[in-house]
Amino acid sequence: MPYDYESLPYCTADEGAAAEASRGRRRLTLGQLLMGERSRLTPYPMHLRRDVVCGVLCTTAVSPADVEVLARRVRDGYRARLSIDELPLIPGGSSAAGAPPRYRVVGFEVSPASVDHVWEGAASGTPSLRTCPVNTSSDSPLVLTPGGKAAVNVTYTYDVSWRPSEVAWATRWDALTPVSTGRVTVQWFAVANSALLSCTLTAVVAVIILRTLKRDVARYAALEALVDGDDGADEFGAAEDYGGWKLLRGDVFRAPPHAERLAALGGVGSQLAVMAAATVLVGILGFLSPSRRGGLLSMLVTLWVLSSAAAGYVSARLYKALGGSSRHWLPSALGVALGLPAFTFSTLLFLNAVLWASGSVGATPFSALLALVALWFGATTPLTLAGARLGHRVKAYDFPVRTNQIPRPVPLQPAVLRAPWCHLAVGAVPFACVMIELRYTLDSLWRGDLYGGFFFVTLCFFLLVVVSAECAVVLVYAKLVHEDHAVVWDAFLAPAASGLYVFAYSVAWLVRSPDLGGASVVSDLLFVVYNLLVAVCFGLLTGAVGLISVLWFMRRIFGAVRSD
């Protein structure tokens, strides 16, 4: 939960200098506003290649209440985010500058120190600091003890040291996104495990399609030939052995309950899949510069608008494929246009109210909220309805079999194939593909670290899509073999259950992070709610992949046998 820099008893910038700097500074983007970023001019005057030794900023009176606030912020792990020439600071050594004839800042490093400054010469009218220049090995540190009764005068000083550097301007961010050898090894190990899991599932699906299904189709064809009087079909067994998934050919494409809701969920999930694919593509191509804070969030908002038409189109196509009425496509389209955006916007309003009540500057400004509402109802909703209308006018998918008028009874299923246990078991597999990368993503988002591993994110996303599709296909085939034709919702819910694991892992990560968990109730609430939103989106994405893959799979296998 961020707070204003000037909420603490620090030196403030001159109003005239701040006004002059604000005129030449770029306006904050929508992504920066949504992130709660509020940039201000600091009182530290710096001039390129001009060193400063023990420059005095100001002397402020720190009251006992200010000391309590400082102690609480230090205990909660707060830190100021300073930047110069779009570069954030690095705790440690010294600053750096480029080579002549043109100078550019390629590094910004800060070493904080606490010194109890002592003034002398006040009687002569020319006071000076006896503790300048600062020597941390001999000077006494300034100690502010909570619970004091009187205000304490604190003098702020600063040093500036410019040093030439061989770092090129194009690579100045490399020092800010270091990736240790151990972390790379762990990430490669995680990718290898995910790839092995994907290959195993691919082999299982290949066996189902190329061997089991081929044998089943041959058996069914032989049995049909036996019925027609072909004695050569006896090698496949008696007619009473006829059973399994082909018995469901007249029921498997029956319209599921609440088809419009399932189609809306599939449309939203497909939109999230498009957004995720575009994001990792842009990231791996290097277009997401860390110098543009809020750039990722701004791009996600843009992708949300641009992919709305595709979401409406997919939802309409799914609704017709699931047996929905051609005259009632509007509820499904409205579910896409209003469902997830309403949930997200309500969450944002709730968190905004909490931040406003807590006095934090992280609350989204009213102008940014109005911009989101304008994009929602002025752009995404019309685009979604237009895409749904187009999908409604396209011819529906031709299924290879006709649906019977009387539904076939579903026999009692084995315990392992009953909901919700089969959903929870299958949902754990896609989560396993991203678990390690999820940990590093949480570290980057909530510890303020810069993340540069888009290559691993791209691999994990590709494996996630493949594994989600294959898990859904394997589960649906197992249920079809046991003569359960009501499998369409299972195709969505089973991969979507991975969102539960994502949320549970995020909460466990918070509990096992002593520097973050328990800092404040509001901070923990922000973490839980934001990660709940991420888990919902993750589940919708994987569920949509599973649903679309299973519909393709059932069209393929039932199209390979001859209908009666």
Query raised in the report: Can you check whether F462 reaches V280 side chain to side chain, under 4.5 Å on heavy atoms?
Result: no
Query raised in the report: Would you call L526 and L355 a side-chain contact if the rule is heavy atoms closer than 4.5 Å?
Result: yes
Query - More than 12 heavy atoms of other groups within 6.0 Å of L370 CG - result: yes
Report task. Return the minimal non-hydrogen interatomic distance between S270 and G267, and the atom names on each side. Result -> OG-O, 2.6 Å
Query raised in the report: Is atom CZ of R261 surrounded by more than 12 heavy atoms (other residues, nucleotides or ligands) closer than 6.0 Å?
Result: no
Report task. Would you give the length of the straight line joining atom CD of Q271 to atom CG of L541, rounded to the nearest 0.5 angstrom? Result -> 11.0 Å
Report task. Could you tell me whether the side chain of P495 reaches within less than 4.5 Å of the side chain of V545, counting heavy atoms only? Result -> no
Query raised in the report: So, the side chain of K479 versus the backbone of L417: is there a donor-acceptor pair under 3.5 Å, distance only?
Result: yes
**Report entry** Between CD on residue E437 and CG on residue L459, distance to nearest 0.5 Å
**Finding:** 9.0 Å
Query raised in the report: Any donor and acceptor pair, going by atom type alone, linking the side chain of E470 with main-chain N or O of S468 inside 3.5 Å?
Result: no
Report summary line: Correct closest heavy-atom pair for L272 and C537 would be CD1-O, 3.4 Å
Query raised in the report: At what distance, to the nearest 0.5 angstrom, does CG of L351 lie from CH2 of W356?
Result: 11.0 Å
Query - T384 to A333 - nearest heavy-atom pair and separation - result: CG2-O, 3.7 Å
Query - Pairwise side-chain contact, L540 with F492, heavy-atom cut-off 4.5 Å (strictly under) - result: yes
Query raised in the report: Under the 3.5 angstrom rule, does the side chain of S315 hit a backbone N or O of A263 as a donor-acceptor pair?
Result: no
Requested in this report: Indicate the atoms forming the closest heavy-atom contact of H392 with A316, along with that distance.
Outcome: N-CB, 3.7 Å
Report task. Please lay out, stage by stage, how Y440 and F456 fare under the test side chain to side chain contact (heavy atoms under 4.5 Å, CB included). Result -> CA-CA 11 Å; Y440 292 122; F456 293 103; over 6 Å; no
Report task. Answer yes or no: is there a donor N or O on one side and an acceptor on the other, between the side chain of E260 and the main chain of Y319, under 3.5 Å? Result -> no
Query raised in the report: Do the non-hydrogen side-chain atoms of V534 and S506 ever get within less than 4.5 Å of each other?
Result: no
Report task. Side-chain contact test, heavy atoms from C-beta onward, threshold under 4.5 Å: evaluate it for L369 versus L348 and give yes or no. Result -> yes
**Report entry** From W489 atom CH2 to L547 atom CG, the distance as rounded to the nearest 0.5 Å
**Finding:** 9.0 Å
Query - side chain to side chain contact (heavy atoms under 4.5 Å, CB included) between Y501 and M435, worked out - result: CA-CA 9 Å; Y501 292 96; M435 182 178 64; over 6 Å; no
Requested in this report: Check whether any side-chain heavy atom of L262 sits under 4.5 Å from a side-chain heavy atom of L318, and report yes or no.
Outcome: no
**Report entry** CG on L322 to NE2 on H258, rounded to 0.5 Å
**Finding:** 13.5 Å
Query raised in the report: Between L330 and L385, what is the shortest heavy-atom contact and its length?
Result: CD1-CD2, 3.9 Å
Query raised in the report: Got V434 and L463 here, is their nearest side-chain heavy-atom distance under 4.5 Å?
Result: no
Query - Residue Y505 excluded, over 12 heavy atoms near OH under 6.0 Å - result: yes
Query raised in the report: So, the side chain of Q413 versus the backbone of H482: is there a donor-acceptor pair under 3.5 Å, distance only?
Result: yes
Query raised in the report: Do N352 side-chain atoms and A363 backbone N/O form a donor-acceptor pair below 3.5 Å?
Result: no
Query - Test side chain to side chain contact (heavy atoms under 4.5 Å, CB included) applied to E483 and V410, step by step - result: CA-CA 7 Å; E483 301 182 12; V410 177; over 6 Å; no
Query raised in the report: Would F527 and W509 count as a ring-ring contact (aromatic ring centres under 6.0 Å, His included) if you check the C-alpha gap in whole Å, the side-chain angles of each, and the deciding distance to 0.1 Å?
Result: CA-CA 11 Å; F527 179 91; W509 180 88; 5.6 Å; yes
Requested in this report: Would you sort out whether L533 and F343 count as a side chain to side chain contact (heavy atoms under 4.5 Å, CB included), showing the intermediate values?
Outcome: CA-CA 9 Å; L533 181 59; F343 174 71; 3.5 Å; yes
Query raised in the report: Got a second to check how far S307's OG is from M275's CE, nearest 0.5 Å?
Result: 5.5 Å
**Report entry** Any donor-acceptor N/O pair, K320 side chain to R393 backbone, under 3.5 Å
**Finding:** no
Query raised in the report: Counting heavy atoms not belonging to R439, are there more than 12 under 6.0 Å from its CZ?
Result: no
